[in-house]
Structure formats: structure tokens, C-alpha cells
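Every chain is numbered from 1 and lettered A, B, ... according to where its sequence line falls, protein lines coming before strand lines. Values below: every heavy atom of this structure, side chains too, minus hydrogens, waters and symmetry copies.
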Amino acid sequence: MTIDDRLLVVIAGPTAVGKTSTAIALAQHFNTEIISADSRQFFREMSIGTAAPSMQELSLVKHHLVHHLSILDGYNVSRFETDALALMESLFHQHSVIIMVGGSGLYINAVCHGIDELPDPDPEIRRQLKEIFTTQGIAALQQELTLLDPEYAEKVDMSNPARLLRALEICRATGISYSTLRTNKPRHRNFRILKLGLELPRDVLYQRINNRVDAMMMAGLRDEALSLYPCRHLNALNTVGYKELFDYCEGLTSLDHAVEKIKIHSRRYAKRQLTWFKKDSEYTWFKPDEIDQIKIKVLA
RNA sequence: GGCGUCGUAGCUCAGCUGGUAGAGCAGAGGACUGAAAAUCCUUGUGUCACUGGUUCAAUUCCAGUCGAUGCCA
């Protein structure tokens with residue numbers, strides 16, 4: 001089997017654009033399976049709020065990497081890359097086309113182009129750095145980074161604590177500067193990749209987002225969030241649709257206000273996704289209902 | 001009907017004793033290598049309700065009109 005016999009079709013796009021049903025239609029047509037690239041649908045406790053595929057949808061096409069983790073499990077892009085590649089290796093034995101669908105751009109990139117091998121985060125180092133951040137502010141992080149990795153300090157967004165924390169945690173853990181470890185070397189993949197983006201006019205997309213949030217509430221999102229409230233500090237739950245309802249649990253907002261916030265935050269999330277995917281010129285863009293055109297593109 | 005308060009950016013509102021206006025949110029754009037549905041950056045000209053008046057100059061003072069709201073009848 002050569003590289004030409006293996007094709008990964010990536011279906012990306014903003015939240016609520018209609019990725020799931022398009023992917024299912026495509027997978028049925030090519031009689032193949034779907035790998036999810038959605039950093040929140042991994043978690044089985046989060047079903048309603050992540051708009052995970054329904055039981056009915058799951059029964060139509062075999063899905064992978066959906067609900068395969070607990071929110072208690074630690075997970076990250078690198079592990080996703082490993083898991084997805086291993087999965088594809090086995091799936092390609094039976095299928096020449098595999099569908100990957102999701103909205104997590106970083107995760108999709110990791111599978112398509114690889115991600116540098118860096119040590120897993122050390123909880124203790126991370127804790128120490130966070131403490132510095134909370135007690136001494138971002139300036140302390142900026143200073144240390146300038147000292148340990150002046151090259152990265154030059155180009156990183158120095159006002160973004162997440163970036164600084166991550167770089168420092170690597171510097172501290174390895175004793176080497178983060179930028180020297182960040183080679184950004186493209187990985188060789190033994191399959192072809194076709195990137196398809198789904199989009200809709202902004203006002204239509206926003207209407208779909210609003211409607212879907214209402215539908216989630218009807219489906220019991222409030223109770224799902226309430227049941228996860230004790231775990232609210234887990235990273236997996238730092239997620240649109242949950243954190244707003246945690247505020248409601250704590251009496252910080254009304255339910256209506258929380259729902260309104262979910263809609264707003266979902267729209268902003270969609271915009272960030274579009275910014276991410278749009279700058280990648282490898283994507284060909286379609287409307288979610290242009291199934292026939294998409295099929296032709298895949299066969300081309 | 002009388003008296004009072006209010007009418008400023010899509011929304012909520014700031015604008016001290018007159019020199020044509022500014023925040024938050026929304027919206028828009030962008031960044032992004034193990035937190036990524038995360039995290040962060042940039043971005044505010046609008047008949048200051050309308051019509052007159054006073055003034056060198058009015059969003060700001062005065063009168064009237066319209067609208068909103070409260071109290072009294």
C-alpha cells in the first residue's frame with residue numbers, strides 16, 4: 001500500500017456549522033469511519049454541552065476518540081497526535097479514506113503536520129510558576145523568560161500568561177531554552193491529507209449557535225453542568241457552556257444571563273476558529289450542505 | 001391633569017462651574033506548539049431626542065415640543 005492509497009479527509013470549521021452531519025454523510029458515502037478532533041468531546045461526562053454526536057448519529061458511522069476519556073484523565077495535543085496516528089494506522093488497513101472531523105485547530109495540526117516532542121508538563125513546576133504569577137504578577141514571568149529564553153521572549157506575546165507559563169515550565173524542566181526545543185520540523189506522514197473547511201454567512205452561523213444553545217438547555221445542559229460542578233476546576237471544564245452555568249450555580253448570575261453568556265462566548269469561539277482555519281491556505285471551503293461538491297473534491 | 005426625573009455609540013451608562021464627547025459590554029479584526037471550547041492582543045464620529053433662545057461658543061444654560069418613567073390627583 002502506497003501513500004496514494006491513503007487519504008485523510010479533514011473536515012474543520014466553526015462550532016455549529018454542521019460538521020457532524022456532513023462528516024457522517026461523507027463517511028457513509030465512502031463506507032469509512034470517523035475520527036473526532038474535538039478537544040472537549042473526548043470527555044464522556046460532557047455530552048450535551050459539547051454537542052457530541054448523538055447515539056443515533058454514532059450508530060450510523062463508527063466514531064473514534066469521542067467520549068473515550070474521563071474529565072479526570074489528563075490529556076493533551078501530543079497524546080492526541082499519538083492516539084490518532086495509531087488509530088489511523090489500523091484503520092487504513094480496511095479503508096483508503098478516513099474522515100477526521102473537529103473544530104480544534106491545534107489538534108488537527110498536530111495530526112497533519114506533527115508537533116515537537118517536548119516533556120509532559122510537570123505538575124510541581126507548573127504549580128510553582130502559577131504561584132509566582134499570582135503573587136508577583138506577569139512581570140515576574142516576563143523577567144524570567146527574558147533571562148532563560150531571550151529568543152522566545154522576543155517573539156512571544158509577552159502579555160499572555162499561558163504562553164509564558166508554558167515556555168518557562170519547559171525551560172525549568174529541561175534546563176534548555178524553549179525555543180531551541182521548538183524546532184517546528186514538519187513530520188512525514190504516510191498518507192495524503194485533504195483539508196475541507198465548512199462555513200456559513202456569519203449571521204446564519206450565529207443564528208445556528210443561538211438555536212443550538214437553546215436546544216442544549218432543553219436537552220438538560222443545566223443539569224449536566226450542575227452534576228459536574230464539584231469538578232469545575234478541572235481543565236476540561238474550563239469550557240463554554242459549563243463555566244457560565246457554574247457562575248449560575250454560585251448565584252453570580254441568573255440562568256437567563258448565563259445562557260446569554262454561553263451564546264456570546266460560543267460566537268466568539270466560532271470567530272477564533274475561523275481565524276485559525278482561514279489562515280491555513282490548504283483548506284478548501286464549502287457550505288455544509290454542498291455534499292456533492294465535497295464528494296467530487298475528495299475523489300479528485 | 002399637576003409636579004419631578006430622564007432622553008449621549010447596537011446595549012448599559014460617564015461627561016465637574018458652557019469650548020462639538022468617553023468607559024464597560026456587544027460587534028469587528030488578529031495571534032496561537034502539551035490549558036486550545038483554553039489563553040491573549042488590537043479596534044469606539046455618535047443629527048449628544050426635536051425646535052427655538054441666550055452666548056464669540058451649547059451635549060452642557062433657558063423655553064417649548066415629543067417620548068420614557070416616577071410620585072400626586
Look at the side-chain N and O atoms of A/R163 and state whether any lies under 4.0 Å from the OP1 or OP2 oxygen of B/U39. no
Answer yes or no: is there an ion pair linking A/E290 with A/K287, defined by an N-O contact shorter than 4.0 Å? no
Reckon A/G103 touches a base, only the sugar-phosphate, or nothing at all at heavy-atom distances under 4.0 Å? sugar-phosphate
Among the nucleotides B/A35, B/A36, B/C25, whichever has the atom closest to the side chain of A/A162 is B/A35
Mutual orientation of the aromatic rings belonging to A/F42 and A/Y107 [parallel < 30°, tilted 30-60°, perpendicular > 60°]: tilted
Spacing between A/E169 atom CD and B/G34 atom P, to the nearest angstrom: 8 Å
Roughly how many Å apart are B/C16 and B/U59, using the C1' atom of each and rounding to a whole number? 15 Å
Between B/G4 and B/C50, how far is it from one P atom to the other, in whole Å? 23 Å
When the P atoms of B/A9 and B/C13 are considered, how many whole Å apart are they? 11 Å
Among B/A36, B/A31, B/C25, which is the nearest nucleotide to the side chain of A/L106? B/A36
Whole-Å distance separating the CG atom of A/L129 from the P atom of B/G34: 14 Å
Looking only at side-chain atoms of A/V77, point me to the closest of B/G30, B/G34, B/A38. B/G34
Would you indicate what A/S266 reaches in the nucleic acid, counting non-hydrogen atoms under 4.0 angstrom: base, sugar-phosphate, or nothing? nothing
Give A/Y242 one of three labels, base, sugar-phosphate or nothing, depending on what nucleic acid heavy atoms sit under 4.0 Å from its own. nothing
Checking side-chain polar atoms at under 3.5 Å, does A/E244 have a donor or acceptor matched by the opposite partner on A/Y248? no
Distance in angstrom units between A/K130 NZ and B/A35 C1', rounded: 8 Å
If the C1' atom of B/A14 is compared with that of B/U51, how far apart are they to the nearest Å? 27 Å
Looking at A/Y178, does any N or O in its side chain come under 4.0 Å of the phosphate oxygens OP1/OP2 on B/G34? yes
Counting only Watson-Crick or G-U wobble pairs whose two distances fall under 3.5 Å, which nucleotide matches B/C50? B/G64
In terms of side-chain heavy atoms of A/R126, which of B/A36, B/U33, B/A35 is nearest? B/A35
Rounded distance in Å between the C1' positions of B/A68 and B/U54: 28 Å
Using whole Å, report how far CZ of A/F277 lies from P of B/G30. 14 Å
Does a nitrogen or oxygen in the side chain of A/R166 sit under 4.0 Å from OP1 or OP2 of B/G34? yes
Using a cut-off of less than 4.0 Å, is there contact between a side-chain N or O of A/N235 and OP1 or OP2 of B/A36? yes
Report yes if at least one side-chain N or O of A/S104 is closer than 4.0 Å to OP1 or OP2 of B/A36; otherwise report no. no
With the threshold set at 4.0 Å, does a side-chain nitrogen-carboxylate oxygen contact exist between A/R40 and A/E45? no
Let's see if you can work this out: which of B/A26, B/A36, B/U39 has an atom nearest to the side-chain heavy atoms of A/R272? B/U39
Would you measure the distance from the P atom in B/C32 across to the matching atom in B/C41 and give it in whole Å? 15 Å
What is the nucleic acid contact for A/Y206, judged by heavy atoms within less than 4.0 Å: base, sugar-phosphate only, or nothing? sugar-phosphate
If you measure from the Lys or Arg side-chain nitrogens to the Asp or Glu carboxylate oxygens, is any gap between A/E81 and A/R187 under 4.0 Å? no
B/C32 phosphate, OP1 or OP2, under 4.0 Å from A/K279 side-chain N/O: yes
Classify A/E260 by what it touches in the nucleic acid, base, sugar-phosphate, or nothing, heavy-atom distance under 4.0 Å. nothing
Minimum-distance nucleotide to A/S159 side chain [options: B/C40, B/A28, B/A31]: B/C40
Kindly point out which of B/A35, B/U33, B/G34 is positioned nearest to the side chain of A/D116? B/U33
On the nucleotide B/A36, are OP1 or OP2 found under 4.0 Å from the side-chain N or O atoms that A/Y107 carries? yes
Which of the following nucleotides, B/A26, B/G34, B/A35, is nearest to the side chain of A/R40? B/A35
Of the listed B/G30, B/A26, B/U33, the closest approach to the A/K271 side chain comes from B/G30
Aromatic A/W276 / basic A/K271 pairing, under 6.0 angstrom, 45° off normal: no
Would you indicate what A/L165 reaches in the nucleic acid, counting non-hydrogen atoms under 4.0 angstrom: base, sugar-phosphate, or nothing? base
For A/N211 and A/Q207: C-alpha separation, side-chain torsions, deciding distance, then whether side-chain hydrogen bond (donor to acceptor under 3.5 Å, both in side chains) applies. CA-CA 6 Å; A/N211 293 343; A/Q207 194 54 55; 3.2 Å; yes
Could you identify the nucleotide paired to B/U20, looking across every strand shown and requiring Watson-Crick or G-U wobble geometry with both distances under 3.5 Å? none
Could you give the distance separating B/C62 and B/U69 at their C1' atoms, to the nearest angstrom? 23 Å
As its Watson-Crick or G-U partner within any shown strand, both distances under 3.5 Å, B/C71 has B/G2
In whole angstroms, how far is the P atom of B/A36 from the CG atom of A/L237? 12 Å
What does B/C25 pair with, Watson-Crick or G-U, if both distances are under 3.5 Å? B/G10
Under-4.0 Å side-chain N/O to phosphate OP1/OP2 contact, A/Y269 with B/U39: no
A/H113 NE2 to B/A36 P, straight-line distance once rounded to whole Å: 19 Å
Does B/A36 pair with anything, Watson-Crick or G-U wobble, both distances under 3.5 Å, and if so, with which nucleotide? none
Taking the side chain of A/K243 as heavy atoms from C-beta outward, which of B/U39, B/G29, B/G34 is closest to it? B/U39
Using both distances under 3.5 Å as the test, list the Watson-Crick or G-U wobble partner of B/U55, or none. none
Between A/T183 and A/R202, who's closer to the 5' end of RNA chain B by nearest nucleotide? A/R202
Report which part of the nucleic acid A/R79 touches: base, sugar-phosphate, or nothing (heavy-atom distance under 4.0 Å, all strands). nothing
Take A/S179 and A/D149 through the test side-chain hydrogen bond (donor to acceptor under 3.5 Å, both in side chains) and record every step on the way to the result. CA-CA 7 Å; A/S179 33; A/D149 191 348; 2.5 Å; yes
Along RNA chain B (nearest heavy atom to each residue), the more 5'-positioned of A/N184 and A/N238: A/N184
NZ of A/K278 versus P of B/A31: gap in Å, rounded? 13 Å
Touch class at under 4.0 angstrom, heavy-atom based, for A/T239 against every strand present: base
Using whole Å, what does the distance between atom P of nucleotide B/A38 and atom CD of A/Q273 come to? 9 Å
What's the gap between B/U39 and B/G44 when it is taken at their P atoms, as a whole Å value? 25 Å
Does A/R232 make a cation-pi contact with A/Y229, if we ask for NZ or CZ under 6.0 Å from the ring centre and within 45° of the axis? yes
